[in-house]
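Quick notes on the structure that follows.
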Protein chains: 2
Amino acid sequence: MTAKYKEIALQLKTRILNGSYSSTNALPEQMILAKEFSTSRMTIQKALDILRKEGIIFSRQGSGTYIKQNVNLLAKLDTMSDEYVGLTKSTAGKGVITSEIIDFDIRFPNELEQKNLLITAHEPVYEIRRLRFLNKQPLLLEYTIMPNSCIPGITESVLYHSIYSYIEEELKLVIGAATRHIRADKSNHYDQKYLDCSVSDPILEVEQVVYLDSGIPFEYSKTRHRFDRGDIIVVNLNSKKSE
Amino acid sequence: MTAKYKEIALQLKTRILNGSYSSTNALPEQMILAKEFSTSRMTIQKALDILRKEGIIFSRQGSGTYIKQNVNLLAKLDTMSDEYVGLTKSTAGKGVITSEIIDFDIRFPNELEQKNLLITAHEPVYEIRRLRFLNKQPLLLEYTIMPNSCIPGITESVLYHSIYSYIEEELKLVIGAATRHIRADKSNHYDQKYLDCSVSDPILEVEQVVYLDSGIPFEYSKTRHRFDRGDIIVVNLNSKKSE
DNA sequence: TAGTGGTCTAGACCACGGT
DNA sequence: CCGTGGTCTAGACCACTAA
């Protein structure tokens, strides 16, 4: 059974997206909602908190709770803010992703890798290079470092599919935060060879550290994208409720 | 006076970053914290919610509340996820930002601008081109469209400083969500002229729509960055508490 | 000044983890 | 099984907005 406040949030969200409230742009007051759902005001507030965090409503003390004017847009984009984790998931429906393994090794980490993954020089890491295709066209080059202790049992068959679904479904780990550095760069001979691009083509590089839910970093990687096959989309919901 | 739960969150955060709790990696139970701060458990939970949203703790039902292992790193990065809004703010302390106005006009919007800013063809927009310098070195070219109705009263003196501080401090508006598309591109003759880069230099382009707290879009812009002066940093805290 | 959302309380029961 | 966090209640007072 799901929590009551989540159920209420879902129902309210549905109504908002349906347009059931849009005539006035304001939601009923919390006491009225509490009576309608035969619950307490605190529970209604927890439900509204979810919608606030999702960016589809906002409240003004002393005034009321209102629907944001671009709900439909945000509702669409909302799904995208998490999509970024894992290429296989993010391109679902847009085409077929395939992978070619260029290199797959295990070795000791260098200093940069130790620093980013918070490990010592004695903890072995996987070193993975993959070329990934979208509809058989080269899309990006991936260079991934993962600590063996954290993500054990990677095999070539895992690499041909999706590392992320292996982590979530097989290892039952929950993926948490990530920090990414995004930059443009000139192409090098590796890019030219594998991504089939010319010397003058720029490259979009993403360098990232990804953490598990517990805060343990499990991936340090660089991906180099062909500049002409897809942007990176970043959504910033900016709900500063906590400050 | 600030809310009690925010005060408690701040105190707990300070202790966590101090290392006061790190010996065990677990926080005291909610009842004990409630007694210590002479408050109710609900209030403690609201405080913990903040720290969860900030990504520095996580809880397991039936077990306890734990500190994430890379708190210091995340605490540092945390400030950066919002930094992205407004260049003047984001580079504070890293150098001096100056601006040169290349173009400043008012006109009717084209179709793309109408679609992104959710306005009609009859609502005038500002068209602003600025070249921005970091420590007198050209950093990026900015091409900004803002609806006049939404952000009135822009003048050249505003443009020489910061549009965002004008919006927040003069107009008293609150900036909310943003969606960004990030890509690499070849430099064009504009880039080469203003950013003083060569034909073979790549460009990092960011195309974004920025919304007010109320959900009204107020900026559609493209910025073209020199590839060798600073990455874009994106932090994804991924706290799926609401799902 | 009336009515709204924001905060807070002191209890209660449930779901889950570890024993 | 016990102890933890997760949810929920039925009130209360305060802060703010708008008339």
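In what follows, every chain begins at residue 1, and chains take the letters A, B, ... in the order their sequences are listed. What you see below is based on every heavy atom in this structure, not just the backbone, and it leaves out hydrogens, waters and symmetry mates.
One interatomic measurement links the two molecules: NZ of B/Lys35 to P of C/dG11, which rounds to 11 Å at whole-angstrom precision. Following rounding to the nearest Å, B/Met42 (CE) and C/dA12 (C1') show an atom-to-atom distance of 13 Å. As rounded to whole Å, 18 Å separates atom P of D/dA12 from atom NZ of B/Lys4. Going from atom CD of B/Gln61 over to atom P of C/dC16 covers 6 Å, rounded to whole Å. As rounded to whole Å, 13 Å separates atom C1' of D/dT9 from atom CD1 of A/Ile44. The separation between B/Leu33 atom CG and C/dT9 atom C1' is 17 Å, rounded to whole Å. Distance B/Met31 CE to C/dT9 P: 12 Å, rounded to the nearest Å. Straight-line distance from the NZ atom of A/Lys6 to the C1' atom of C/dC14: 14 Å, rounded to whole Å.
Between the side chain of B/Arg60 and the base of C/dG18, no donor-acceptor pair of N or O atoms lies under 3.5 Å.
Side-chain contact between B/Ile16 and B/Leu27 is present, with heavy atoms from C-beta onward closer than 4.5 Å. Looking only at side-chain heavy atoms (C-beta outward), B/Leu48 and B/Leu12 come within less than 4.5 Å of each other.
Remark on DNA chain C: of its neighbouring residues A/Ser59 and B/Thr43, the 5'-side contact belongs to A/Ser59, judged by nearest-heavy-atom nucleotide. Residues A/Tyr66 and A/Ser38 each lie close to DNA chain D; by heavy-atom proximity, the contact nearer the 5' end of the strand is made by A/Ser38. Residue order along DNA chain D, read from the 5' end via each residue's closest nucleotide, puts B/Glu29 first among B/Glu29 and A/Thr39.
OP1 and OP2 of C/dC8 both lie 4.0 Å or more from every side-chain N or O belonging to B/Ser40. A/Gln45 has no side-chain polar atom (N or O) that falls below the 4.0 Å cut-off from OP1 or OP2 of D/dC8. Dashed line: the shortest gap from a side-chain N or O of A/Lys46 to OP1 or OP2 of D/dT7 is under 4.0 Å. For the pair A/Ser63 and D/dT17, the criterion of a side-chain N or O lying under 4.0 Å from OP1 or OP2 is not met. Dashed line: the shortest gap from a side-chain N or O of A/Tyr5 to OP1 or OP2 of D/dC8 is not under 4.0 Å.
Of the charged side-chain nitrogens involved, at least one lies within less than 4.0 Å of a carboxylate oxygen, so that B/Arg52 and B/Asp49 count as a salt-bridged pair.
Ring orientation note: the planes of A/Phe58 and A/Tyr66 are tilted relative to one another, at an angle of 30° to 60°.
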Check your understanding: Do A/Phe104 and A/Thr155 pass the side chain to side chain contact (heavy atoms under 4.5 Å, CB included) test, and can you show the C-alpha distance, the side-chain angles, and the key distance before you say yes or no?
Key -> CA-CA 9 Å; A/Phe104 176 37; A/Thr155 62; 5.5 Å; no
